[in-house]
Each structure stands twice: as C-alpha cells, then as structure tokens.
Amino acid sequence: LYTENEGLLIDAGVGVRTIKKYFREYGLKLSQINNILITHDHADHVKAVGALSIETGAKVWSTKPVHIGIMKNFCVRKKVPEDNISIIETGSTFSIGSFTIQSCHVPHDSMDNNGYLIKYENVSLGLITDIGCVTQDIANIVANAKSSIIFLSVIPRFSATSSASPINIPHKKAKYT
C-alpha cells in the first residue's frame, strides 16, 4: 500500500529480486517502502523481511512472538536490524505513518498470527492470512473493511446432515493487479 509520501509493504515472503521485479512492473521503487507489516513468522511471509529492512531502512511491525519467530527462522538469512524492530500488541489499534491499523488474532500454527484492518482516509482494507478458523474478531475486521484479502489454510465443510470438518487447501501463489 502506498500514498504520495509513504509505502507500507505487507509481508515479505518472496525473494528480494522477485519483489524488485514486481515493483518495476508496477512502476514502483523499493525506496517507497518506509514500513513493513508482518502477519506471522512463516517463511512464505517473512523470507526477505530482513534484507528489505536493511536495504530500505524500513521499520518492521509485528508482535513480539512474531519477531522472535523471524529471528529463529532459518529461511530468513538476513535478520531485521534491532533498530528497525517495532512491536505491536494483538488486538490493538496503532498508526504507521498515515495508516491506522487495527489488529486481531488469527488462529494458525505459527508463533503468532495477526490479521489487520488498515485505514487510510476513506479507504479500508481487511487483510487476513492463513485462517485456521473464523473468529468473531476476524468477522469484525472483514465487516468493517471496504475491501478484504483473505487467504485460507483450512476451509470448514458445512453440511446440514454432518458436523463441520476441515478440508486442507494447499497454498497457491497468485499475482494480484
């Protein structure tokens, strides 16, 4: 997400070269990234976060358990510099530059996982990744967003004649325009 003066990257799970390629395709520059907001510490969400933070000087925002997970993650070869670590609390509302962000817990098999409602002026975006199950907090984020991006790791099967049971859905890579 970006404005005229600032950029907020959400997760950094692909390599730096790939991120640079996508930025070039969209006419953007890495120098536009001022902040990086992380959902959780799995490699497909944080692989390049340290390298990007070092290269751009961007602050990396997430909960303390996620930052610990990033430091322990062997896929994150370049670690986030201590001066670039910014801690948030699950369930809090905070500001990153011009963006106002509300976080909520998302059940998942990571150190911690947060979903976000991100607001800028009259735009609001709900971002929820790797949902294990839908909670009331997640439903509230989606209900209060004008647009939402949701990635499911498990989709419950609902039937009038049987109890709900999870169906594992493999993660798929997608390019959004």
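Just so you know, these numbers use all the heavy atoms, side chains as well, and skip hydrogens, waters and symmetry mates.
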- Task: Mind jotting down which residue pairs meet the ring-ring contact (aromatic ring centres under 6.0 Å, His included) criterion with at least one end in residues 56-99? Sequence neighbours excluded, please.
- Result: F99-Y120

- In this structure, CD of Q32 is separated from CG of L30 (nearest 0.5 Å) by 9.0 Å

- CG-CD1 distance between L1 and I33, expressed to the nearest 0.5 angstrom: 11.5 Å

- Message: Has D11 got a side-chain atom pairing as donor or acceptor with G13's backbone, closer than 3.5 angstrom?
- Response: no

- Message: Do V76 and K79 make a side-chain contact, defined as non-hydrogen atoms from C-beta onward lying under 4.5 Å apart?
- Response: yes

- Query: Same cluster for V60 and F23 if Ile/Leu/Val/Met/Phe/Trp/Tyr side chains link at under 4.5 Å?
  - Reply: yes

- CD1 (I88) and CD1 (I101) are apart, to the nearest 0.5 Å, by 7.5 Å

- Note on the structure: Sorted by chain and residue number, the salt bridge (Lys or Arg N to Asp or Glu O under 4.0 Å) partners of K78 (sequence neighbours excluded) come out as none

- Message: By the salt bridge (Lys or Arg N to Asp or Glu O under 4.0 Å) test, which pairs, at least two apart or in different chains, include something from residues 50-60?
- Response: K20-E55

- Sort and list the pairs that fulfil side-chain hydrogen bond (donor to acceptor under 3.5 Å, both in side chains) and have at least one residue in residues 83-101, not counting sequence neighbours. E6-S98, S53-N84, T90-D112, T90-N114

- For the student: nearest non-hydrogen atoms of P107 and I138, plus distance: CD-CD1, 4.0 Å

- Task: Quick one: list whatever passes salt bridge (Lys or Arg N to Asp or Glu O under 4.0 Å) with K64, sequence neighbours left out.
- Result: none

- Note on the structure: Distance col, row N34:CG vs I96:CD1, nearest 0.5 angstrom, shows 10.5 Å

- Set of residues satisfying side chain to side chain donor-acceptor pair (under 3.5 Å) with respect to N140, sequence neighbours excluded: Q136

- Query: If you take all heavy atoms of I141 and G126, which pair is closest and at what distance?
  - Reply: CG2-CA, 4.0 Å

- Note on the structure: Members sharing I68's hydrophobic cluster, built from side-chain contacts under 4.5 Å between Ile, Leu, Val, Met, Phe, Trp and Tyr, are M111

- Message: When you compare the side chain of T129 with that of V106, does any pair of heavy atoms fall below 4.5 Å?
- Response: no

- Task: Treating Ile, Leu, Val, Met, Phe, Trp and Tyr as nodes and any side-chain heavy-atom pair under 4.5 angstrom as an edge, say whether L125 and V123 lie in one connected cluster.
- Result: no

- Interatomic distance, H45 atom NE2 to C75 atom SG [nearest 0.5 angstrom]: 12.5 Å

- Query: Pick one: which of I54, L9, I70 meets side chain to side chain contact (heavy atoms under 4.5 Å, CB included) with V49?
  - Reply: I70

- Verify side-chain contact (heavy atoms from CB on, under 4.5 Å) between V14 and I19, making sure each step is shown before the conclusion. CA-CA 7 Å; V14 297; I19 292 171; 3.4 Å; yes

- For I38 and S62 the tightest heavy-atom approach is O-OG, 3.1 Å

- Task: Quick one: list whatever passes side-chain contact (heavy atoms from CB on, under 4.5 Å) with S110, sequence neighbours left out.
- Result: H40, D41, H42, H108, N113

- Is there side-chain contact between I150 and I131, with at least one heavy-atom pair below 4.5 Å? yes

- Message: What I'd like to find out is whether the side chain of D130 reaches to under 4.5 Å of the side chain of T39, using heavy atoms alone.
- Response: no

- Task: Say whether L37 and M71 are linked into one hydrophobic cluster, either directly or through other cluster members, by side-chain heavy-atom distances under 4.5 angstrom.
- Result: no

- Query: If we only count heavy atoms from C-beta on, is the C104 to L117 side-chain gap below 4.5 Å?
  - Reply: no

- Considering non-hydrogen atoms only, spot the tightest contact between A58 and N35 and give its length. CB-N, 3.9 Å

- Using the test side-chain contact (heavy atoms from CB on, under 4.5 Å), find all partners of E82 that sit at least two apart in sequence or belong to another chain. none

- Is there a path from Y2 to L52 through hydrophobic residues (I, L, V, M, F, W, Y) whose side chains come within less than 4.5 Å of each other? yes

